[in-house]
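Working notes, beginning with the structure itself.
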There are 2 protein chains.
Amino acid sequence: MKWDELEDEPCSMARTIGVIGDRWTLLILRECFLRTRRFEGFQSALGITRHLLAERLKKLVRQGVLRRIPYQEAPKRHEYILTQKGLDLYPIMMAIVHWGDVHMVDTRGRPLLHEHRSCGKMFDPVMVCSECGEPLSAKDVHVHPGPGARPSAEKGSLEKKPKVRKRAA
Amino acid sequence: MKWDELEDEPCSMARTIGVIGDRWTLLILRECFLRTRRFEGFQSALGITRHLLAERLKKLVRQGVLRRIPYQEAPKRHEYILTQKGLDLYPIMMAIVHWGDVHMVDTRGRPLLHEHRSCGKMFDPVMVCSECGEPLSAKDVHVHPGPGARPSAEKGSLEKKPKVRKRAA
DNA sequence: TTCCTATAGTTCTAAAATTGAACTGTCAAT
DNA sequence: ATTGACAGTTCAATTTTAGAACTATAGGAA
């Protein structure tokens with residue numbers, strides 16, 4: 001598996017990481033969700049080098065996550081806004097923020113609180129099953145190969161049962 | 001903002017990215033959730049260089065996402081298993097996989113299907129509000145500074161209202 | 001007019017991260 | 001005595017990223 005060919009892997013996680021897995025990309029997208037739209041805005045908010053910022057924006061546009069839209073002629077200027085594909089990254093963002101809220105806060109508490117406009121309350125995001133609505137946990141989920149699975153037999157980690165030697169204390 | 005000091009930022013997303021944002025780390029964690037536990041298992045599943053794999057595993061252990069547990073004496077061998085902190089990354093994983101399932105599939109369809117053992121059905125993960133249970137979307141959420149917010153006034157992207165010039169066509 | 005500023009990049013060199021390949025060491029099995 | 005499995009480590013070559021300077025257009029100020 002090569003980093004530059006992640007998008008060709010038969011794995012939705014690898015493919016997604018091919019899009020958002022580069023250094024700084026998720027932080028750029030955070031800014032997008034906080035309504036930053038312009039080059040200088042991203043640059044000053046993140047302190048990323050201009051070179052890399054230009055690269056990343058170009059890639060995100062190519063991948064259909066952002067759209068580059070002119071907001072001014074003479075001199076020509078553009079701003080970057082999330083497409084629907086980009087907006088759909090929201091659950092990923094929220095999941096990341098929530099994990100940080102739970103596991104990475106210092107004594108002062110959370111940097112940001114989230115208010116759900118529909119119900120007016122401060123909330124946490126919860127991931128649930130689309131079918132029964134119950135919260136998901138790793139051990140309640142079983143994976144099956146889907147139609148787009150890698151065709152042949154796997155040397156995959158699931159089947160491997162390494163032989164045991166002397167047991168540890 | 002420096003990549004090596006992300007964990008000190010007053011931002012839960014930045015802090016989390018400091019933990020899982022390195023190249024290959026999320027793919028290593030994918031393997032963990034698929035029950036890979038050993039060095040060779042990760043290496044052969046991912047094709048990552050042994051050098052980097054060793055680095056990443058060390059960092060994840062340091063950060064409390066994995067625990068390194070001996071499973072054999074003579075020669076001493078260890079395996080890497082998810083801590084609770086690591087298991088709590090599950091919603092992030094699922095959100096990433098789901099986005100790929102929606103936006104990155106080829107004509108053949110999804111590589112993997114997920115079955116919810118509790119209800120027996122194939123499902124998609126849905127992110128909902130902990131307070132009202134409704135699905136979340138970016139525009140229904142408003143952010144407020146929390147107790148751990150950066151103390152002073154922000155040069156943040158939210159307040160900046162750049163002056164407009166000649167409008168684009 | 002000339003200078004300064006704002007915006008959105010591009011270009012260049014140095015530093016850091018990643019890759020690829022080979023090498024180390026322990027023990028079991030042949 | 002040799003081979004294979006496992007879990008790394010080491011080192012040179014390549015890629016990425018960081019840091020700083022530079023380009024270009026245009027508005028407004030002096």
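Every chain is numbered from 1 and lettered A, B, ... according to where its sequence line falls, protein lines coming before strand lines.
Between the CD atom of A:Glu40 and the P atom of C:dA6 there is a distance of 10 Å, given to the nearest Å. In this entry the distance linking CD of A:Gln72 with P of C:dT7 reads 10 Å, nearest Å. Taking atom CZ of B:Arg77 as the reference point, atom P of D:dA5 lies 13 Å away to the nearest angstrom. In this entry the distance linking CZ of A:Phe39 with C1' of D:dT23 reads 13 Å, nearest Å. Note: CZ (A:Arg38) to P (C:dA6) measures 14 Å, nearest angstrom. For the pair B:Glu73 CD and D:dC6 P, the computed distance is 18 Å after rounding to whole Å. In this structure, A:Gln43 places its CD atom 12 Å from C1' of D:dA18, rounding to the nearest Å. A straight line from CG of A:Asp22 to P of D:dA18 spans 11 Å, rounded to a whole angstrom.
Comparing B:Lys76 and A:Glu79 by the nucleotide of DNA chain C whose heavy atom lies nearest to each, the residue mapping closer to the 5' end is A:Glu79.
Taking side-chain N and O atoms only, B:Tyr71 has a distance below 4.0 Å to OP1 or OP2 of D:dA7. Applying the 4.0 Å criterion to OP1 and OP2 of C:dA17, one finds that B:Trp24 has every side-chain N and O outside that range.
A donor and an acceptor atom, one from each side chain of A:Thr49 and A:His51, are nowhere located under 3.5 Å apart.
No hydrogens or angles were tested; on distance alone, a donor-acceptor pair under 3.5 Å links the side chain of B:Arg50 to the base of D:dA7.
Within a heavy-atom distance below 4.0 Å of DNA chain C, the residues of residues 52-69 of chain B found are B:Leu52, B:Arg56. Near DNA chain D, meaning a heavy atom under 4.0 Å from it, residues 1-19 of chain B has B:Lys2 in order of number.
Using a 4.0 Å heavy-atom distance criterion, A:Tyr80 is classed as a sugar-phosphate-only contact. At the heavy-atom level, A:His51 lies under 4.0 Å from base atoms of the strands shown.
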**OP:** Might you work through the salt bridge (charged side-chain N to carboxylate O under 4.0 Å, His left out) test for A:Arg50 and A:Glu40, ending with a clear yes or no?
**Re:** CA-CA 9 Å; A:Arg50 310 176 73 77; A:Glu40 294 295 323; 2.5 Å; yes
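In this structure, CG on A:Leu66 lies 6.0 Å from CG on A:Leu29, to the nearest 0.5 angstrom. Here the CD1 atom belonging to B:Ile17 is positioned 11.5 Å from the CD atom belonging to B:Glu7, to the nearest 0.5 angstrom. Taking NE2 from B:His144 and CZ from A:Arg110, the interatomic distance works out to 13.5 Å, rounded to the nearest 0.5 Å.
Ring geometry for B:Tyr90 against B:Phe33 counts as tilted: the plane angle lies between 30° and 60°, on a 0 to 90° scale. In this pair, A:Phe42 and A:Tyr80 present their aromatic rings perpendicular. The plane angle is above 60°, beyond the 30 to 60° band.
Residues A:Met122 and B:Glu131 have side chains not in contact (no heavy-atom distance under 4.5 Å, counting atoms from C-beta outward). Between B:Val65 and B:Thr25, the closest side-chain pair of non-hydrogen atoms is not below 4.5 Å.
Seen from the ring of B:Tyr71, B:Arg37 does not count as a face-on cation partner, given the 6.0 Å and 45° thresholds.
Closest contact between the side chain of A:Thr49 and the listed nucleotides C:dG20, C:dT18, D:dG19 involves D:dG19.
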